Amino acid sequence: MSYPFAEIEKKWQRRWEEAGVFRATAEPGAKKFYLLEMFPYPSGRIHMGHVRNYTIGDVLARYRMAQGCRLLHPMGFDAFGQPAENAAIKKGVDPAEWTMDCVRQMRVELKRLGISYDWDREVVTCQPDYYRWNQWIFLKMFEKGLAYRAKAPVNWCPSCQTTLANEEVVQEGCWRCHTPVEPKQLEQWFLKITAYSEELLEDLKQLADWPERVVTMQRNWIGRSEGVEIWFTVKETGERLPVFTTRPDTIFGATYVVVAPEHPLAEKLIRGRPEETKIRAFIQQAIRQSKQDRTAEGVKKEGVFTGGYAVNPVNGETIPIWVADYVLMEYGTGAIMAVPAHDQRDFLFAREHQLPIRVVIQPPQEKTQRGQTPEGQTPAGNSLNWKEAFEGEGAQINSAQFDGLPSVEGKSKIAAWMEEKEMGKRVVQWRLRDWLISRQRYWGTPIPMIYCGVCGVVPVPENQLPVTLPPKAPITGEGGSPLAKVKEFVDVPCPRCRKPARRETDTMATFFDSSWYCLRFCAPKETRLPFDPKETAYWMPVDQYIGGIEHAILHLLYSRFFTKFLRDQGLLKLDEPFSRLLTQGMVLKDGEVMSKSRGNVVDPDGVIARSGADALRMFILFAAPPEDQLEWNDNAIEGINRFLNKVWDLVENVAAVRPEPIEGRTDRESELRRLTHAAIKRVTDDLESFKLNTAISALMELRNAIEKNIAGGISPAAREAMEALLQLLSPFAPHFSEELWERLGQKQWLCRSRWPVYDANLLAQKEVTLIIQVNGKVRSRLTVPAGLSADELKKKVLADPAVTRWLDGKTPRDVIVVPNRLVNVVA
RNA sequence: GCCGAGGUGGCGGAACCGGCAGACGCGCAGGUCUCAAAAACCUGUGAGGGCAACCUCAUGAGAGUUCGAUUCUCUCCCUCGGCACCA
């Protein structure tokens, strides 16, 4: 017989809701805890990934609340996005209706899990009272020059028919549909996240409680690299040609210059030359080629000589300017100095096109890192026998006055010298690009801008917000912004001159919505500002954020950027939005991600119907540490069911008997007290370090111990143990433990009781069993009173027949004693 | 290639700061109850050897430090994740 989970889960969900137990209330001066899980996209049904994410969050939330913190634990829906639009294309439904249906359905499913949300604070991003603040923030950014429109090469997904941010391009494909992205020159809206590059990188140091790999991923993504911009001169025109390098120590080895196909100089140099048409054809083709093709493995580096020459500022040498597809316009200056002896890409290209290779860094004799020379000989000026470039450190040669210096030193000395002689300057390059936010889609926040033939680009005045999405737009999926086809939306008088003008018809990327929702939760009904600065001052930062690793860059980087921007507007007083981050692992079935196409989806609802929400919650926490991948196992949940049923029976036994001491203070009783307090300590420690799987093991061990113990009679210690077990269990199986708490006769609800505190005095053991080793191998065990002196122990151990047997008559050289744990006799 | 995480029974996973490797659970085997089955309960369960007490081996591979290494150091192999003609 299994306990009546369906009934009690419903009962307690109702009671908690009616009493508003989880309604967040600020209390100045009181300790607060803001726990946030990444809000879901309302796809209609929750999946195991959601269950895992929100259960982990709930355990931590309930634990903090039991410790007396004021808890903010909100939930909402990240409701703009493509699935709704795709449903509109396929089934002709209204995206708004479709989305709100999904929201309703998911809300019901989420509530069934019994999570401690304050539903009064729910936020749905597709509603005007939310997205008007997207527009408000956008206008603030526009005002500060941080939102701007520019024609730039952008990523285009031909399948989704929209532009993508760099962060949304995964392995050269669209993050949603994996279609290879195409480069396009388009005029689009950007957010100047690069204005915060330095700070976004620097402040990663504040994020000591983020997983290291997330910090590393962000650091790599921001990609700071120090180098020198060197000013070459175009021989023919005298104009300056800046190139970027991180290896100024190799400047004397530059034997040609390469510009990217998109570089404006390329066109200038070839104009009027006999080979003009041929070269242009190459350039055009290189530009057209997708990045995927250009960077595919094994593809030869293609390039042509432009006919122009550049002058190297350090030695006045004239070297040819090539155009080649291995140089990218987006990085650095779009032009490089090629040093084939010390850069593998340049090396291959030089070999292919018979360009000179000049060695300027001499590899150390003993060890060459790259570019092993045959028979260990060190090449001087020539390097015809090299198989690859030498990219390591060595001594400067062929480098004028710098000859003989170690290249590490050469690097800084040459940079300083060039700066002094005005041949270049030290610069910092970033990999991070500005954030492209315009999307040619319907289901998103309209960008609040107006184009006027007279006034140009005019922002929608603040008092005219929100610019609402027109309800009926032709959503065909054929490409182009659907809003452009809605005349009533597009045609608008210019806010400045009143002449006819037209609205921007692109919408914002949905990552805009989620970049500040954590702030909105602090005051979700605020009408004058996106959030109430007083409320955010109390609740922010988020003390614990939980979500999937897939957002390690995108969402988390954008949120950090928004926080810094809003801080600079005087609306916030913090640098970082999320103090602690936990990235939970994925839920797998048969080693693969659960997905409809694989047909291996396990529906949480079905599991709840069969075993109850508490069992599902506990299983998903027990099966793996939160950060690891979790392999779903249909059988293993049985173990949790058995455990819960056994606890149920145990409570009935304990509750039935009056808690009077039946045999006074016995050893059996104090042993149970010791185990109880040890369990309190273990579970508390495990919760602090997110080891939720071992916390559950500890609960099981305590239950096993109670059962064994009360076989000899029920004592007050058994009751104490039982109560502690329920309290410790409450974050994991809240309905179940609440019900039993009530059945034990408790008047106050368990979710309102304080977290138990262990008594350190009770943890001490009277007797300890020591491990006895001879030469590091376990040979015996000895149970002795705790706290014996080392000498007494030695005496006892050396008298142990198991030890004398292994000593074989020899006198021990040494005896190592680890108090209360182990004795090692060394012969 | 660079950066990060990891490799422990049939499976998921434990092991504090270097101190009994395999907690807890799943599965499996045997047993109790039953006409029978399920459930429940009890016992066993890393491998090999031995009638047994016990012994030997074992945490990806190899070396090192140590009285003692899953844990620390070095070399190597493999898996996963991120970045990548970034100059």
Side-chain angles (χ1 to χ4, degrees), chain A residues 1-2 170-172 211-221 223-225 227-228 243-247 250 258 260 291 294-297 299 301 324-328 330-339 342-346 348-349 370 391 429-431 549-550 552-553 583 585-586 618-619 622-625 627-640 642-643 645-646 649 682 685 691 693-701 703-704 769-781 802 805 812-827:
Chain A
M1 261 303 279
S2 120
V170 181
Q171 277 160 9
E172 314 301 343
E212 196 183 313
R213 62 174 172 156
V214 175
V215 172
T216 308
M217 278 162 73
Q218 293 222 351
R219 188 179 299 119
N220 292 342
W221 187 263
R224 184 181 199 271
S225 84
V228 179
V243 305
F244 174 73
T245 182
T246 53
R247 293 291 307 271
T250 65
V258 189
K291 200 174 166 197
R294 250 165 88 171
T295 60
E297 198 123 345
V299 167
K301 302 179 190 336
D325 59 6
Y326 77 97
V327 173
L328 308 173
E330 313 91 82
Y331 189 75
T333 61
I336 61 151
M337 63 170 196
V339 185
H342 305 295
D343 181 287
Q344 184 61 13
R345 294 155 299 177
D346 297 343
L348 292 174
F349 192 79
R370 200 172 191 183
E391 295 182 333
Q429 274 298 328
W430 301 89
R431 214 190 71 99
I549 186 75
E550 67 273 18
I553 296 170
T583 50
M586 287 191 298
M618 285 194 73
F619 168 70
F622 181 59
E627 305 232 44
D628 289 11
Q629 296 197 326
L630 183 151
E631 178 67 31
W632 180 265
N633 180 338
D634 284 316
N635 294 325
I637 196 168
E638 278 310 312
I640 298 292
R642 276 176 213 150
F643 166 72
N645 281 320
K646 284 192 275 192
D649 294 343
R682 254 189 81 189
D685 290 350
K691 286 152 74 181
N693 54 331
T694 51
I696 292 175
S697 309
L699 293 170
M700 290 173 168
E701 283 177 66
R703 195 220 67 90
N704 293 344
T769 300
L770 296 176
I771 304 309
I772 311 303
Q773 295 183 333
V774 178
N775 290 327
K777 290 198 186 245
V778 182
R779 296 303 182 191
S780 179
R781 242 156 274 255
R805 207 179 108 215
R813 263 194 300 139
D814 199 2
V815 179
I816 288 146
V817 178
V818 183
N820 292 336
R821 194 161 284 177
L822 158 149
V823 177
N824 187 12
V825 180
V826 188

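Note that these values count all heavy atoms, side chains included, but never hydrogens, waters or copies made by symmetry. Everything numeric in this text was worked out from a predicted model, so none of it was measured. Numbered from 1 within each chain, the chains take letters A, B, ... in sequence-line order.
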Contact nearer the 5' end of RNA chain B, comparing A:Ala624 with A:Ser697 | A:Ala624
For the pair made of CG in A:Leu770 and P in B:rC67, what is the distance, rounded to whole Å?
-> 21 Å
Is the glycosidic torsion of B:rC17 within 90° of 0, making it syn, or is it anti?
-> syn
Sub-4.5 Å side-chain heavy-atom contact between A:Ile336 and A:Thr245 = no
What interatomic distance, in whole Å, is found between P of B:rA58 and the corresponding atom of B:rG68?
-> 15 Å
Spacing between A:Arg431 atom CZ and B:rC86 atom P, to the nearest angstrom | 11 Å
For nucleotides B:rC11 and B:rC85, find the distance between their P atoms and express it as a whole number of Å.
-> 40 Å
A:Phe622 CZ to B:rC11 C1', straight-line distance once rounded to whole Å = 13 Å
Residue whose closest nucleotide on RNA chain B lies nearer the 5' end, A:Trp221 versus A:Ser225 = A:Trp221
Distance, P atom - from B:rG48 to B:rU65, rounded to whole angstrom = 33 Å
For nucleotides 26-33 of chain B, list the nitrogen or oxygen atoms of the protein found under 3.5 Å from its nitrogen or oxygen atoms, one pair per line.
unit_1, atom_1, unit_2, atom_2, d
B:rC26, OP1, A:Arg642, NH1, 2.4

Of the listed B:rG13, B:rC54, B:rA87, the closest approach to the A:Arg345 side chain comes from B:rA87
Acceptor/donor pairs from residues 770-777 of chain A side chains to any protein atom, 3.5 angstrom cut, sequence neighbours excluded:
unit_1, atom_1, unit_2, atom_2, d
A:Asn775, OD1, A:Ala827, N, 2.9

Reported CG-to-CD distance for the pair A:Asn633 and A:Glu631, which is rounded to 0.5 angstrom | 7.5 Å
Indicate yes or no: does A:Glu701 engage A:Arg682 in a salt bridge with an N to O separation below 4.0 Å.
-> yes
C1' atoms of B:rU70 and B:rA15, separation to the nearest Å | 8 Å
Can you tell me how far P in B:rC24 sits from the matching atom in B:rU43, rounded to whole Å?
-> 12 Å
Any chance you could measure A:Leu699, atom CG, to A:Met618, atom CE, to the nearest 0.5 Å?
-> 6.0 Å
With a 4.0 Å cut-off on heavy atoms, is A:Asn704 in touch with a base, just the backbone sugar-phosphate, or nothing at all?
-> sugar-phosphate
Residue list, side-chain hydrogen bond (donor to acceptor under 3.5 Å, both in side chains) with A:Thr769, at least two apart or on another chain = A:Thr783
Under 4.0 angstrom, heavy atoms only, what part of the nucleic acid is A:Pro211 near: base, sugar-phosphate, or nothing?
-> nothing
Rounded distance [0.5 Å steps], CD1 in A:Ile696 versus OG1 in A:Thr694 = 9.0 Å
Is a side-chain donor or acceptor of A:Arg224 paired with a backbone partner of A:Arg219 at a separation under 3.5 angstrom?
-> no
On a whole-Å scale, what distance lies between the P atoms belonging to B:rA63 and B:rA14?
-> 29 Å
Expected rows: protein N/O vs nucleotides 18-22 of chain B N/O, under 3.5 Å:
unit_1, atom_1, unit_2, atom_2, d
B:rG19, N2, A:Gln773, OE1, 3.1
B:rG19, N2, A:Asn824, ND2, 3.4
B:rC20, O2, A:Arg781, NH1, 2.5

Parallel under 30°, tilted from 30 to 60°, perpendicular over 60°: which one fits the rings of A:Tyr331 and A:Phe244?
-> perpendicular
Determine the interatomic distance between C1' on B:rC16 and the same-named atom on B:rG12; round to the nearest Å.
-> 23 Å
So, do A:Trp632 and A:Phe619 have ring centers that fall under 6.0 Å from each other?
-> yes
B:rG12 glycosidic torsion: syn (within 90° of 0) vs anti | anti
Got a donor-acceptor contact below 3.5 angstrom from the A:Asp346 side chain to the A:Val339 backbone?
-> yes
For A:Arg779, answer base if it contacts any base atom (sugar-phosphate contacts may also be present), sugar-phosphate if it contacts only those atoms, and nothing otherwise; contact means non-hydrogen atoms under 4.0 Å.
-> sugar-phosphate
Measure the CD-CZ distance between A:Glu330 and A:Arg431 for me, rounded to the nearest 0.5 Å.
-> 11.0 Å
Produce the list of close N/O pairs, under 3.5 Å, pairing protein atoms with atoms of nucleotides 44-53 of chain B; give distances to one decimal.
none

Atom CD of A:Glu391 and atom C1' of B:rA87: how far apart are they, to the nearest Å?
-> 10 Å
Using the C1' atom on both, measure B:rA40 against B:rC33 and round to a whole Å.
-> 9 Å
Starting at the 5' end of RNA chain B, write a dot or bracket for each base, bracketing those in Watson-Crick or G-U wobble pairs whose two distances are under 3.5 Å and using | for partners on another strand.
-> (((((((..(((......[....)))((((((.......))))))((((....))))..(((((..]....))))))))))))....
What is the distance from atom CE of A:Met586 to atom CD of A:Gln629, rounded to the nearest 0.5 Å?
-> 5.0 Å
Going from CG on A:Leu822 to CZ on A:Arg781, what distance comes out if it is rounded to the nearest 0.5 angstrom?
-> 11.0 Å
